[in-house]
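Each chain gets a letter, A, B and so on, in the order its sequence line appears, and its residues count up from 1.
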Amino acid sequence: MKNNCIEMSIPTPEGQFTARYTKEGLAELDFPNGHHPARGSVAENSKDRDFSRRLPQIKKWHRATQSALKTILAGKVPRKFPPLVIAGSEFQKSVWRQLRKISRGKTKSYGEIAKAIGRPKAVRAVGGACGANPIPVLVPCHRVLAANKKIGGFSGGLDWKRRLLAREGVKL
DNA sequence: ATCTTAACTGTGT
DNA sequence: ACACAGTTAAGAT
């Protein structure tokens with residue numbers, strides 16, 4: 001999402017997250033201090049007519065995002081989600097679709113995901129797709145571990161991955 | 001238990 | 001065409 005986004009922040013006990021919306025829904029979520037440099041800016045976009053017309057709706061989505069995020073941070077299961085804008089290659093989308101099937105407190109390996117999407121050998125590419133996930137936490141890329149049940153990697157920082165899993169009662 | 005290495009695949013440049 | 005990445009399984013130490 002380059003330009004057509006409106007950016008809003010989410011204060012939590014764990015720091016300030018940043019959410020970006022298109023007119024379709026939530027497109028990106030960033031960890032505190034993990035801001036992406038090359039993405040849309042508020043000042044520029046908030047003048048967009050289309051966006052000002054939809055602002056009330058976006059605010060509503062934003063409330064859903066905030067509550068969902070905080071709920072997950074608290075280790076519980078959100079009742080409501082904002083509409084998610086899933087933008088990526090077919091491969092990535094199929095991976096992210098699998099991620100969303102992993103429920104709270106459960107985990108899968110990169111290899112299992114690869115198998116599930118019918119590309120059993122694309123394990124490494126699956127890792128790449130997880131890292132490219134624009135909506136972490138809500139799309140639970142943190143629930144994917146390495147084959148040996150070890151932590152694996154995490155683009156948002158391993159400390160976050162551990163923290164999120166701990167909140168869900170997952171042990172390594 | 002830890003380290004090294006070779007296979008493998010989608011993505012960005 | 002090439003290098004890289006949130007891997008993996010197998011072999012050596």
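- Within residues 146-172 of chain A, the residues approached by DNA chain C to less than 4.0 Å at the level of any non-hydrogen atom are A:Ala146, A:Ala147, A:Gly153, A:Phe154, A:Ser155, A:Lys161, in residue-number order.
- A donor-acceptor contact closer than 3.5 angstrom links the side chains of A:Thr107 and A:Lys149.
- When distances run from any side-chain atom of A:Gln92 to the nucleotides B:dT11, C:dT8, B:dC8, the shortest one goes to B:dT11.
- Seen from the ring of A:Phe81, A:Arg100 counts as a face-on cation partner, given the 6.0 Å and 45° thresholds.
- As rounded to whole Å, 13 Å separates atom C1' of B:dG10 from atom CD of A:Glu90.
- Residue A:Ser89 places its side chain closer to B:dT11 than to any other of C:dT7, B:dT11, B:dG10.
- Atom CD of A:Glu24 is separated from atom CG of A:Leu84 by 12.0 Å, given to the nearest 0.5 angstrom.
- Between the CD1 atom of A:Ile117 and the C1' atom of C:dT7 there is a distance of 13 Å, given to the nearest Å.
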Output the pairing pattern of DNA chain B as a dot-bracket string, 5' first, Watson-Crick or G-U wobble with both distances under 3.5 Å, | for cross-strand pairs, [ ] for crossing pairs. |||||||.|||||
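- Distance check on atom P: C:dG6 versus B:dA7 gives 23 Å, rounded to whole Å.
- Within the structure, every side-chain polar atom (N or O) of A:Arg124 is placed at least 4.0 Å from both OP1 and OP2 of B:dA7.
- Between A:Trp160 and A:Phe31, the angle of the ring planes lies from 30° to 60°, which puts this pair in the tilted group.
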